[in-house]
Amino acid sequence: MADFIGESNILNGVMIRDKVVMFAGREFECVDKGFGEMTPVDVVIRPEDLYIFESSDADQLTGTVTSCIFKGVHYEMMIDTPNGYEFLVQDYHSFDVGKTVGLLVKPFDIHVMKKERVTNTFDGKMVDQNHVEFLGYTFECPEMPGISAGEEVIVNVDFHDIILQDNEDDGMISGEVKFILYKGDHYHLTVFTDWDEDIFVDTSDVWDDSDHVGITIPPEKIKIVKK
């Protein structure tokens, strides 16, 4: 699977229903089924499976060429769409930087994968009604009436609600960036925390592998459920 993904375009998607998936702001026909309805998924499209051409009525997506490099056999181009997505395209024909082009992908070239996770989930323990302990730190959280101090809970934090800082000391906890995945309009990071647990972050900021970062979680972004 890693060899297949390679430099593929990987985007967040939603399986609308069997054989219909939404990504990059529009619906596409695909060949996958059995995911259920309105299910978050990952969509994988190889650069060579995106057809690029002069913009026309056949466009599924339109975009602007931002780079074009000859790779010896084919041209490798980056295409930015008006709604903020970026696609890597490989083709035997080149298009000039600044050119508006159309993109098309056939149903059998859209590969839908089940998401491994849709949010950060941690084991935690309530300190009091306004504080919860997880990842080795006591975080302020929304008031949780009906949950007693010392009670074990599940803590959920969405990927995009994690804030990373350049200075480790500026965060509530710290960690090291271990894996970076570009998803078309943002980066999905795996950060290994000092508590020896991974935390997953969606961000538009550019980070490098092995960067040491501070990690902050706003109190209102912490969601707690009873075990």
Side-chain angles (χ1 to χ4, degrees), residues 1-2 5 10-16 21-23 35-44 84 112-227:
M1 181 58 70
I5 290 176
I10 305 172
L11 302 102
N12 287 337
V14 176
M15 202 72 189
I16 303 298
V21 63
M22 175 179 281
F23 61 92
F35 285 84
E37 296 185 357
M38 304 305 295
T39 304
V41 293
D42 283 321
V43 176
V44 181
V112 179
M113 299 171 57
K114 183 177 179 181
K115 278 186 175 292
E116 292 183 14
R117 53 193 170 267
V118 295
T119 189
N120 287 289
T121 301
F122 307 104
D123 290 325
K125 183 172 69 174
M126 295 303 299
V127 176
D128 55 40
Q129 288 192 344
N130 293 98
H131 295 85
V132 60
E133 182 182 336
F134 63 99
L135 292 175
Y137 184 85
T138 298
F139 294 84
E140 185 182 351
C141 65
E143 186 173 354
M144 298 300 299
I147 301 183
S148 304
E151 189 170 345
E152 294 186 351
V153 293
I154 299 295
V155 179
N156 295 317
V157 185
D158 290 340
F159 304 142
H160 62 268
D161 290 331
I162 307 292
I163 299 171
L164 299 183
Q165 290 110 341
D166 286 312
N167 189 339
E168 290 181 84
D169 294 334
D170 290 340
M172 298 169 170
I173 58 175
S174 59
E176 182 179 355
V177 177
K178 284 296 187 183
F179 184 72
I180 303 169
L181 180 64
Y182 186 55
K183 305 200 76 175
D185 65 338
H186 68 276
Y187 297 91
H188 183 70
L189 310 182
T190 302
V191 180
F192 188 63
T193 71
D194 293 338
W195 196 245
D196 292 342
E197 281 194 59
D198 289 335
I199 191 166
F200 305 101
V201 183
D202 282 349
T203 178
S204 57
D205 296 330
V206 179
W207 298 91
D208 293 325
D209 189 43
S210 298
D211 276 349
H212 290 269
V213 295
I215 302 166
T216 295
I217 305 175
E220 68 275 11
K221 302 301 183 183
I222 294 175
K223 303 164 189 171
I224 297 173
V225 294
K226 286 188 174 185
K227 276 194 174 183

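Between the Lys226 side chain and the Glu151 main chain, no donor and acceptor come within less than 3.5 Å of each other. The backbone N or O of Asn156 sits nowhere less than 3.5 Å from a side-chain atom of Thr121 that would complete a donor-acceptor pair.
The closest side-chain heavy-atom distance from Asp161 to Ile217 is not below 4.5 Å. For the pair Met144/Val153, no side-chain contact is recorded, criterion being any heavy-atom separation below 4.5 Å from C-beta on. Looking at Lys115 and Asn12, their side chains come closer than 4.5 Å, going by heavy atoms from C-beta outward. Taking 4.5 Å as the limit, every side-chain heavy atom of Glu176 sits out of range of all side-chain heavy atoms of Val213. Side-chain atoms of Phe134 and Ile222, non-hydrogen and from C-beta on, do get closer than 4.5 Å to each other. Counting heavy atoms from C-beta outward, Phe159 and Asn120 have side chains that approach closer than 4.5 Å. In this structure the side chain of Asp158 reaches within 4.5 angstrom of the side chain of Lys223, judged on heavy atoms. Annotation: side chain of Asp194 is not in contact with side chain of Ile173 (no heavy-atom distance under 4.5 Å).
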Take Met126 and Ile224 through the test side-chain contact (heavy atoms from CB on, under 4.5 Å) and record every step on the way to the result.
CA-CA 9 Å; Met126 295 303 299; Ile224 297 173; 3.8 Å; yes
- Message: Under the criterion side-chain contact (heavy atoms from CB on, under 4.5 Å), I'd like the reasoning laid out for Ile147 against Gln129: C-alpha separation, chi angles, the key distance, then a yes or no.
- Response: CA-CA 7 Å; Ile147 301 183; Gln129 288 192 344; over 6 Å; no
Practice task
Determine, stepwise, if the pair Asp205 / Tyr187 fulfils side-chain contact (heavy atoms from CB on, under 4.5 Å).
Solution key: CA-CA 8 Å; Asp205 296 330; Tyr187 297 91; over 6 Å; no
Worked check of side-chain contact (heavy atoms from CB on, under 4.5 Å) between Val21 and Met15:
CA-CA 4 Å; Val21 63; Met15 202 72 189; 4.0 Å; yes
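Residue Lys125 qualifies as open at atom NZ: its count of foreign heavy atoms under 6.0 Å is 12 or below. For Trp195, the CH2 atom is loosely surrounded, since the number of other residues' heavy atoms within 6.0 Å does not exceed 12. For Glu152, the CD atom is loosely surrounded, since the number of other residues' heavy atoms within 6.0 Å does not exceed 12. A 6.0 Å sphere centred on CD of Glu116 holds no more than 12 heavy atoms belonging to other residues, nucleotides or ligands.
Distance check, rounded to the nearest 0.5 Å: NE2 of His186 to CG of Leu181 gives 8.0 Å. Distance check: Leu164 CG to Asp211 CG gives 9.5 Å after rounding to the nearest 0.5 Å. One distance of note links CG of Asp198 with NZ of Lys178; it measures 10.0 Å at 0.5 Å rounding. Atom CG of Asp169 sits about 8.0 Å away from atom OG of Ser174, to the nearest 0.5 Å. Summarising the geometry, atom CG belonging to Asp128 is positioned 7.5 Å from atom SG belonging to Cys141; distances are rounded to the nearest 0.5 Å. To the nearest 0.5 Å, atoms OG1 (Thr216) and CE (Met172) are separated by 5.0 Å.
Minimum interatomic distance between Met113 and Phe35 (heavy atoms only, all atoms of both residues): C-CE2, 4.0 Å. For the pair Ile163 and Pro218, the tightest heavy-atom approach, listed with the atom from each and the gap, is CD1-CG, 3.8 Å. Smallest separation of non-hydrogen atoms from Pro219 and Pro142: O-CD, 3.0 Å.
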